Amino acid sequence: LALGALDLLPDLIPLGTLDTLLLRPIGVLIQVAATEVALRRIGKLGQSLAILLLALVSLQVAWTPAKLGVLGMTVVTGPLLFGSIWVACMAHVFWTVDTGEAANAFYYGGNLFVQYPIDLFGRWLRDFLAFVLPLAFVSYVPALFILDKPDPLGLPWFAPLLTPLVAVVAASMASLVWRAGLRQYQGTGS
């Protein structure tokens, strides 16, 4: 919802539009994110909330304050994790210019990854998408905690409680990659 317009970044660079954004007193990431606010994304948000509510009503969960806290935390940290990965992936266009599709492989591939149980994937892919791109912390690790299921990754029982820390680290790394890309950017020339 908030960062979907980053899809436009590969087009802004060769057109010279990014140069204009660099002159304004607002951060470039905010400006790029605000270039296109699509109402269809609000519909996706509504659909996601409806499915979450349906699942919460249908599940037989013995709710505790800790489980409610993890659920609330997941609603906040999940989008932060996905947004961080999207920003970091899209920042590569500062170096490679016209290769925005490469970011889609990580982002949309990661989106597919979080829709299925982690046991379906090979160990190398599980480890990569859980620890390098921390997508397992978007919903899978917190869901294991809420549903009282064992963790196939062998993480400690308190791993879901580390999700905010993982999200902050991911956001910090994305910020570093974005700023490094902006520093490297030299403009379109004449």
Side-chain angles (χ1 to χ4, degrees), residues 1-4 6-7 29 41 44-92 99-181:
L1 178 65
L3 296 170
L6 282 179
D7 277 343
L29 181 60
R41 291 190 181 111
K44 287 181 179 182
L45 178 63
Q47 180 185 24
S48 299
L49 291 175
I51 291 170
L52 176 62
L53 290 174
L54 179 65
L56 292 175
V57 170
S58 301
L59 289 172
Q60 302 297 321
V61 176
W63 290 103
T64 64
K67 288 180 181 181
L68 288 171
V70 167
L71 175 64
M73 169 194 66
T74 302
V75 171
V76 173
T77 58
L80 180 60
L81 279 163
F82 255 117
S84 299
I85 291 167
W86 186 234
V87 168
C89 287
M90 286 308 293
H92 85 282
T99 57
E101 291 301 317
N104 291 338
F106 284 103
Y107 183 76
Y108 293 110
N111 189 20
L112 179 69
F113 173 77
V114 299
Q115 294 177 20
Y116 295 98
I118 202 167
D119 288 346
L120 295 178
F121 302 99
R123 179 144 185 98
W124 72 270
L125 183 59
R126 258 193 335 234
D127 290 346
F128 179 76
L129 294 174
F131 302 115
V132 177
L133 293 177
L135 291 169
F137 285 89
V138 170
S139 60
Y140 188 73
V141 171
L144 291 176
F145 182 84
I146 292 170
L147 299 172
D148 292 320
K149 300 287 183 184
D151 184 2
L153 293 174
L155 295 173
W157 66 269
F158 57 86
L161 305 176
L162 298 176
T163 301
L165 177 62
V166 172
V168 167
V169 169
S172 299
M173 296 301 291
S175 176
L176 288 173
V177 171
W178 180 264
R179 287 184 292 169

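Keep in mind the model is a prediction, meaning the values are calculated, not measured.
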Do Pro134 and Val141 have side chains that approach each other closer than 4.5 Å (heavy atoms only, starting at C-beta)?
no
I need the minimum non-hydrogen distance between Pro160 and Pro142, along with the two atoms involved.
CB-CA, 4.1 Å
Nearest-0.5 Å distance, CZ of residue Phe145 to CZ of residue Phe158
12.0 Å
Check whether any side-chain heavy atom of Leu56 lies under 4.5 Å from a side-chain heavy atom of Leu71, and answer yes or no.
yes
Is it true that atom CE of Met73 has more than 12 heavy atoms of other residues, nucleotides or ligands lying nearer than 6.0 Å?
yes
Taking side chain to side chain donor-acceptor pair (under 3.5 Å) as the test, write out the residues that go with Ser175, two or more places apart.
Arg179
When every non-hydrogen atom of Val61 is compared with those of Lys67, the smallest separation belongs to CG1-CD, 4.1 Å
For Ser58 and Ala55, indicate whether the former's side chain and the latter's backbone hold a donor-acceptor pair under 3.5 Å.
no
Look up atom CG in Asp148 and atom OG1 in Thr64, then write down how far apart they are to the nearest 0.5 Å.
8.0 Å
How many angstroms lie between atom CG of Leu135 and atom CZ of Phe82, to the nearest 0.5 angstrom?
5.0 Å
ring-ring contact (aromatic ring centres under 6.0 Å, His included) with Phe131: which residues, sequence neighbours excluded?
none
Rounded to the nearest 0.5 Å, what's the gap from CG on Leu54 to CG on Leu59? Could you check?
9.0 Å
Side chain to side chain contact (heavy atoms under 4.5 Å, CB included) between Leu155 and Leu144, intermediate numbers included
CA-CA 11 Å; Leu155 295 173; Leu144 291 176; over 6 Å; no
Rounded to the nearest 0.5 Å, the CD1 atom of Ile85 sits from the CE atom of Met173 at a distance of 12.0 Å
Does the side chain of Ser84 reach to within under 4.5 Å of the side chain of Leu80, using non-hydrogen atoms?
yes
Hey, does Thr77 have a side-chain heavy atom less than 4.5 Å from the side chain of Phe137?
no
4.5 Å side-chain heavy-atom contact, Val177 and Val87:
no
Could you tell me if the side chain of Asp127 sits less than 4.5 Å from the side chain of Leu153, heavy atoms only?
yes
Could you check whether any side-chain heavy atom of Thr163 comes within less than 4.5 Å of a side-chain heavy atom of Thr74, counting everything from C-beta outward?
no
